[in-house]
**Q** 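Here it is: the structure, laid out below.
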Number of protein chains: 2
Amino acid sequence: MTTTFPTTTAARHLLALDWGTSSLRARLMLADGTVLREASSADGILSVPAQGFETVFEQRFGDWLREFPDTVVLAAGMVGSRQGWVEAPYLACPAGFGEMAAGLVWPMPDRRLAFVPGLSTTHDDGAPDVMRGEEVQIFGALDALGADEGVFVLPGTHSKWAHVAQHQVRRFHTFMTGELYALLRRQSILARAMPADDTAPAVAWPAQREAFLAGVQAARDGVLLHKLFSVRARGLFGQLSADAQPDYLSGMLVGEEILEALSLLGTRDPGPIHLVCNADLCDRYRGALAVFGLQGVPAVDHASFRGLLAIAHARALLA
Amino acid sequence: MTTTFPTTTAARHLLALDWGTSSLRARLMLADGTVLREASSADGILSVPAQGFETVFEQRFGDWLREFPDTVVLAAGMVGSRQGWVEAPYLACPAGFGEMAAGLVWPMPDRRLAFVPGLSTTHDDGAPDVMRGEEVQIFGALDALGADEGVFVLPGTHSKWAHVAQHQVRRFHTFMTGELYALLRRQSILARAMPADDTAPAVAWPAQREAFLAGVQAARDGVLLHKLFSVRARGLFGQLSADAQPDYLSGMLVGEEILEALSLLGTRDPGPIHLVCNADLCDRYRGALAVFGLQGVPAVDHASFRGLLAIAHARALLA
């Protein structure tokens, strides 16, 4: 693999790819962000065979690139991992637009296709931590907000809390909140007393808010491994209905995440927290943060595409 | 269901049943504990159909009872739950031998067959907690030790920490340690970098001790939801071999359990901790407790059978 910079890079169009574990989202844009084409599919890296990325790429975007030959392609997310198309090594924090742009990996010198590196950090105890894909969302949020500092929270399967200063991601922490929720909700003893996952009525979030916030409250004294079992015990004793249990559990895990993050940030008052997530999830996290006396501010939609556009500009890839 | 006491109870033999979720263990004893018959099978309550308990009981023990007609039967464990043969309601703490013996449920007045109740407690935050089966092990350990107080720890799928004073279980806390380990080790993203569960070499525990104790150490600052991800990240960066990851994860969860238990006990120095578990698991917990400066003392083997015998004597069921 080479990182040789293509001889001709400047282009009029950007094809931004947010290619993750379970989905592929794409946007063809002009330099000013005007969207010309947009697509998404379930071609996440888990569903693409090891040698199949080139084929998927050609099938999905070949026509676009022939229609707009003056296009540069930036791909972010797990597509740049060891299990993806081309491995783009992790870039150590602190890292900003400049470092990200300089760290782009161009594996095929004759093509204007680059992979965005993920970020790594090292914690006080020597443990490394990694993100891949979220860094682009953070840069997109920074660009959209015109901000250069703050705490950015990206809830999800592996939630990230990133501390940004001077336009750089200084450090971040990962929390296995979403994955633990899915495991406990679907496969643990707690699941047995809950409605079946796929038959649960699609109750609007406001109706579930109370159970969720009670779970957040329950997490505030930090004994998660013990408190988890109380979901079952409260159910046995009629204190918590089956319908309310999933949200109570969700609140407990999100509350634990916030408690731990505050401990790791070393402050109870980190200022406004920029939430990068979809509206429903942001609403949950805003409610949970309020329990801790914190303000959660939803940051921006489509942060990945904004981030890739900003990185393209930082590298002067767009004419 | 009736709890009418049989007209004739005093017998010369005790058939003690430890009938749990995944196994059935039985011992036919004389009043002095002499073992006449012993058996175990995989007829846990999960593998017995709702109306099938009578049939399994007759198949396994019909011959014994015909051979020793002067027998009283005590059944403990999940067989006495709502999903079992006959529900024996939870008995509220504090509870000692007397309360346990008085709380036996005799569903069939013409038969000398009783179900041992589980125990419940209510925590400071109003959450209930329950155990079913472990209480008999605690009473067995108390009987064997000739003790009437202490902290009793029963590691497992749902670990229990019980505070005993004046020969009574005063309160206890459950921790979902073992279940969380199994879920994370087999089904989470962490599992992907570990040896397959069923192909892992049966390495002797001493060889794995170092990774386990490193995990315990890592848990000491109480940010579990974050630290879990470090198992993967340390693997990615070559700090932790695939072989060492399961034990490191195990240590992290056991360390978190101890940290939380000390917080809930409200003391950093609860005195010697009586461990009720098999030798391998006790060895792990002793090592983990030592990291916290605590002394773990393995309590007794076959605690369930001893406990059922002690309860039978407390009720004067044995001639």
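Because the structure is a prediction, the values reported are computed rather than measured. So you know, we letter chains A, B, ... as the sequences are listed, proteins then strands, and number each from 1.
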**Q** For residues Gln208(A) and Asp243(A), determine if any side-chain heavy atom of one lies less than 4.5 Å from a side-chain heavy atom of the other.
**A**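 Side-chain contact under 4.5 Å: no.
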
**Q** Using side-chain heavy atoms (C-beta onward) and a distance below 4.5 Å, is Val291(A) in contact with Arg220(A)?
**A**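 With C-beta onward as the side chain, the pair touches.
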
**Q** For the side chain of Glu134(B) and the backbone of Arg132(B), is there at least one donor-acceptor N/O pair under 3.5 Å apart?
**A**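 Yes; judged by distance alone, with no hydrogens or angles, the pair exists.
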
**Q** Phe152(B): which residues meet the ring-ring contact (aromatic ring centres under 6.0 Å, His included) condition with it, sequence neighbours left out?
**A**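 ring-ring contact (aromatic ring centres under 6.0 Å, His included) check on Phe152(B) returns His274(B).
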
**Q** Side chain to side chain contact (heavy atoms under 4.5 Å, CB included) between Leu228(A) and Leu249(A): does it pass, once the steps are laid out?
**A** CA-CA 7 Å; Leu228(A) 287 175; Leu249(A) 171 63; 3.7 Å; yes

**Q** Under a 4.5 Å heavy-atom cut-off, does chain B meet the side chain of Leu236(A), its backbone, both or neither?
**A**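 Its backbone and side chain both get close to chain B.
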
**Q** Hey, which of Ser159(A), Pro128(A), Ala127(A), Gly126(A) has the most heavy atom pairs under 4.5 Å with chain B?
**A**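 Going by pairs under 4.5 Å, I would pick Pro128(A).
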
**Q** When you measure from the side chain of Trp19(A) to the backbone N and O of Asp43(A), does any donor-acceptor pair fall under 3.5 Å?
**A** yes

**Q** Is the charged tip of Arg234(A) near the ring of Tyr248(A): under 6.0 Å from the six-membered ring centre and within 45° of its axis?
**A**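 Verdict for Tyr248(A): no cation-pi partner in Arg234(A).
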
**Q** Ile189(B) versus chain A, heavy atoms under 4.5 Å apart: side chain, backbone, both or neither?
**A**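 Backbone plus side chain of Ile189(B), per the 4.5 Å heavy-atom cut-off to chain A.
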
**Q** Please list, chain by chain and in numerical order, all residues satisfying ring-ring contact (aromatic ring centres under 6.0 Å, His included) with Phe229(B), sequence neighbours excluded.
**A** His158(A)

**Q** If the contact rule is any heavy atom under 4.5 Å from chain A, which residues of residues 169-182 of chain B qualify, in numerical order?
**A**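 From residues 169-182 of chain B, the residues near chain A are His173(B), Thr174(B), Phe175(B), Met176(B), Thr177(B), Glu179(B), Leu180(B).
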
**Q** Please classify the contact between Arg186(A) and chain B as side chain, backbone, both or neither, with a heavy-atom cut-off of under 4.5 Å.
**A** neither

**Q** Need one label for Glu257(A): side chain, backbone, both or neither, based on atoms under 4.5 Å from any heavy atom in chain B.
**A**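 For Glu257(A), heavy atoms of backbone and side chain both lie under 4.5 Å from chain B.
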
**Q** Side chains of Glu256(A) and Glu260(A), heavy atoms from C-beta outward: is any pair under 4.5 Å?
**A**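 Glu256(A) vs Glu260(A): side chains touch.
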
**Q** State, with a plain yes or no, whether a side-chain heavy atom of Ile138(B) is found less than 4.5 Å away from one of Met131(B).
**A**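 Sidechains of Met131(B) and Ile138(B): in contact.
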
**Q** Do we get Arg268(B) above Phe292(B)'s six-membered ring, with its NZ or CZ under 6.0 Å from the centre and within 45° of the axis?
**A** no

**Q** Checking heavy atoms, do the side chain of Leu264(B), its backbone, both or neither come under 4.5 Å from chain A?
**A**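 Contact with chain A is through the side chain of Leu264(B) alone.
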
**Q** Go through Ala233(A), Ser230(A), Gly222(A) and name the one with the most non-hydrogen pairs under 4.5 angstrom from chain B.
**A** Ala233(A)

**Q** Enumerate by number any residue of residues 118-125 of chain B whose heavy atoms lie under 4.5 Å from heavy atoms of chain A; in the absence of such residues, state 'none'.
**A** Ser120(B), His123(B), Asp125(B)

**Q** Between Gln245(A) and Leu240(A) (side chain of the first, backbone of the second, donor and acceptor by atom type, cut-off under 3.5 Å), is there such a pair?
**A**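 Present.
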
**Q** Does Arg284(A) count as lying over the ring of Phe212(A), i.e. NZ or CZ under 6.0 Å from the six-ring centre, within 45 degrees of the axis?
**A** yes

